[in-house]
Amino acid sequence: MANSHQAPKGTRDFYPADMAVRRHIEAAWRGASIRHGFDEIDGPTFEHLGLYTVKSGEGIVNELFSFRRAGGENDYALRPEFTPTLARMVAARGSALPVPTKWFAVPNFFRAERPQRGRLREFFQWNVDLLGLDTPGADSEVIGTAIAALEALGLKQGDVTVKLSHRGAVAGALRAVGVPDEQLGAAFALLDRRDKLPPEEFAKRAAALGATGDLGEAITRLARATAPASAGLDGLARDVGVPAAELGALEALRDALRAAGIEDWCQWDCGIVRGLAYYTGVVFEIHAAGERAVAGGGRYDGLVELFGGPHTPAVGFGMGDVVLGNLLRDKGLLPADGMELLPRPDVFVVAANDAAAAQMPSIVSSLRRAGLHARHSYKATRNVGKLLGEAGKSRARFAVILGDGCVGAGAGGGTGAGMGEVPGGIVQLKDLGSGEQRELPMSELISALKS
RNA sequence: GCGACCGUAGCUCAGUUGGCAGAGCGCCAGGUUGUGGUCCUGGACGUCGCGGGUUCGAGCCCCGUCGGUCGCCCCA
């Protein structure tokens, strides 16, 4: 391999089979989005660097691919996520947008991380956002859209779990042990890192938050509290250590999930926090055993305001193609060879002699003008066996054999009269699935292929 | 940014104590004035990731570098 140029670290080349897999996933995303009433949007691939420090701080710059035009003064960054662009687009339209506004996007993103399983430097992520409503029904609709896409890809209930929590409900539990309101954010962060910190460090930080009760014990309780979404909330309330009445937000969400028929996919998990500070209500992640989270999202009622827009309640999620692709492969839901996902030709045309070959270009053109996916051999050989082999490999449904007036099933060993006179003449139409072959006039070919 | 393991044909890999770079699959062409995804024969394809070092001689040993894989940090 004398190729001295390599693709940049953490990027992928999409050869046809890979591209077919990518389109397969994107088709499921788009289909679920559209069926649920979302409209597709997109924004620029790069933004002003400052857009990304608004909500994430300067620290994020290390995770970005940022650049400055030669001789320019503005700093830009390749987009690492969609939410800032979305918030900017919403803010720019002010209150002119309908309520609700339901948008989705399937952009590529760039993060300057060290690649590892499920994490690359360029990836595709499906973003779904519902703006303008702060109802449990909106939360449920967004979650249902994610599930619909996973189902379309062949995943079943039990393959993945939607783990749900609610910032409001968890905040209630934290307040119950005396965490002051201004420390709730820090307490969330600690809950998020509960199992990553050494026990002493965890205890030290818990003690520093000024709770009147044992915060460490309360956080551990929260981190362990799980229950099926279909079950009553009494048990979860007991595990969390609050009266069931405190979990009203979960009850309303549970009712919405039940109405949408997806509660059996869902599980309460108070250990789900999401790293971002801006989540204000429901937060959720979709997990499968042995993989990173397939998707994550939640309610962020204050974010559009943060970017200069009107107060806009919103709920949304992101689902990346890398982890999802790994999961589908592990579950045997992707073909071993992605070529199987490419569009199948309707017809593959071969010529059995030179006269027929001369007619091929105009015949193939007319098939294509008629809307058919038509391919043909580029080989010089007139060996019909080889040509049909090629037709078979193309996965075409039918082969059309031109100039084959005297050989083959049903042809009856003609005299050779008419060979080469394809227009108006006879062609052989072979069903490559069944092997059946019949002859018909050229004039009937298109209607035969379209029926 | 840190650590571990790995880089030989398009793909999967073999390659002995350091001694002339191999196989299968795939691809291309013939066997076949002819009906497919079978078979037979032949062919093309390699600076052994790249650069340096040790050696009479390096795919093999040493150093560096670039990739890949898997962890850590981070995770929008």
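In what follows, chains carry the letters A, B, and so on, assigned in the order in which the sequence lines appear, proteins first and then strands, with residues in each chain numbered from 1.
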Chemist: Check every strand shown and say whether A:G389 touches a base, only sugar-phosphate, or nothing at a heavy-atom separation below 4.0 Å.
Modeler: sugar-phosphate

Chemist: Below 4.0 angstrom from OP1 or OP2 of B:U33, is there any side-chain N or O of A:R382?
Modeler: no

Chemist: Taking the C1' atom of each, how far is B:G57 from B:G53, in whole Å?
Modeler: 15 Å

Chemist: Give A:G435 one of three labels, base, sugar-phosphate or nothing, depending on what nucleic acid heavy atoms sit under 4.0 Å from its own.
Modeler: base

Chemist: Return the nearest nucleotide to the side chain of A:K430; candidates are B:G36, B:A76, B:G3.
Modeler: B:G36

Chemist: Answer yes or no: does atom CD of A:E436 have more than 12 heavy-atom neighbours from other residues, nucleotides or ligands under 6.0 Å?
Modeler: no

Chemist: Suppose you measure atom P in B:G37 against the same atom in B:C48; what distance do you get, rounded to whole Å?
Modeler: 38 Å

Chemist: What nucleotide among B:U32, B:C2, B:C74 has an atom nearest to a side-chain atom of A:N383?
Modeler: B:U32

Chemist: Between B:C72, B:G36, B:A76, which nucleotide gets closest to the side-chain atoms of A:L388?
Modeler: B:G36

Chemist: From OH of A:Y378 over to C1' of B:C27, roughly how many Å is that when rounded to an integer?
Modeler: 18 Å

Chemist: Please state how far atom CG in A:D431 lies from atom C1' in B:G37, giving the value in whole angstrom units.
Modeler: 14 Å

Chemist: For A:G316, which contact category applies under a 4.0 Å heavy-atom criterion: base, sugar-phosphate, or nothing?
Modeler: nothing

Chemist: Would you mind telling me which of B:C74, B:C75, B:C27 lies closest to the side-chain atoms of A:R111?
Modeler: B:C75

Chemist: By ring-ring contact (aromatic ring centres under 6.0 Å, His included), which residues pair with A:H376, not counting sequence neighbours?
Modeler: A:Y378

Chemist: Given side chain to side chain donor-acceptor pair (under 3.5 Å), test A:T85 with A:E47 step by step and report yes or no.
Modeler: CA-CA 8 Å; A:T85 297; A:E47 293 270 11; 2.7 Å; yes

Chemist: Just wondering, do A:F124 and A:I25 contact through their side chains at under 4.5 Å, heavy atoms?
Modeler: no

Chemist: Among the nucleotides B:C70, B:G68, B:G31, which one has an atom lying closest to any side-chain atom of A:R117?
Modeler: B:C70

Chemist: Under 4.0 Å between any heavy atoms, over every strand shown, what does A:L432 touch: base, sugar-phosphate, or nothing? Just pick one.
Modeler: base

Chemist: Which listed nucleotide (B:A76, B:G34, B:C73) is nearest to the side chain of A:R119?
Modeler: B:C73

Chemist: Does one side chain, of A:S377 or A:E390, offer a donor that lies under 3.5 Å from an acceptor on the other?
Modeler: yes

Chemist: When you compare B:G68 with B:A29, how far apart are their C1' atoms, in angstrom units rounded to a whole number?
Modeler: 36 Å

Chemist: Nearest heavy atom decides the nucleotide; on that basis, is A:T381 or A:E436 closer to the 5' end of RNA chain B?
Modeler: A:T381

Chemist: What contact category does A:E113 fall into here, base, sugar-phosphate, or nothing, at under 4.0 angstrom with non-hydrogen atoms?
Modeler: base

Chemist: Does A:R12 reach a base, just sugar-phosphate, or nothing at all? Heavy atoms under 4.0 Å.
Modeler: nothing

Chemist: Got a salt bridge between A:R23 and A:E26, using NZ or NE/NH1/NH2 to carboxylate O under 4.0 Å?
Modeler: yes

Chemist: Taking only the P atom of each, what is the distance from B:A9 to B:C5 in whole angstrom?
Modeler: 23 Å

Chemist: Within the pair A:R395 and B:G37, is there a side-chain N or O less than 4.0 Å away from OP1 or OP2?
Modeler: no

Chemist: 5'-most contact on RNA chain B: A:P80 or A:P8, nearest heavy atom basis?
Modeler: A:P8

Chemist: Round to a whole Å and report the spacing from OH of A:Y279 to P of B:A76.
Modeler: 7 Å

Chemist: Pick the C1' atom in B:G10 and in B:G52, then give their distance to the nearest Å.
Modeler: 30 Å

Chemist: Parallel, tilted or perpendicular, judged at 30° and 60°: which one describes the rings of A:W126 and A:W29?
Modeler: parallel

Chemist: May I ask you to verify if any side-chain N or O of A:K196 is less than 4.0 angstrom from the OP1 or OP2 atom of B:C73?
Modeler: no

Chemist: Mind calculating the distance between CG (A:D18) and C1' (B:G10) to the nearest angstrom?
Modeler: 13 Å

Chemist: Go through B:C74, B:G30, B:A29 for me and flag the one nearest to the A:K379 side chain.
Modeler: B:A29

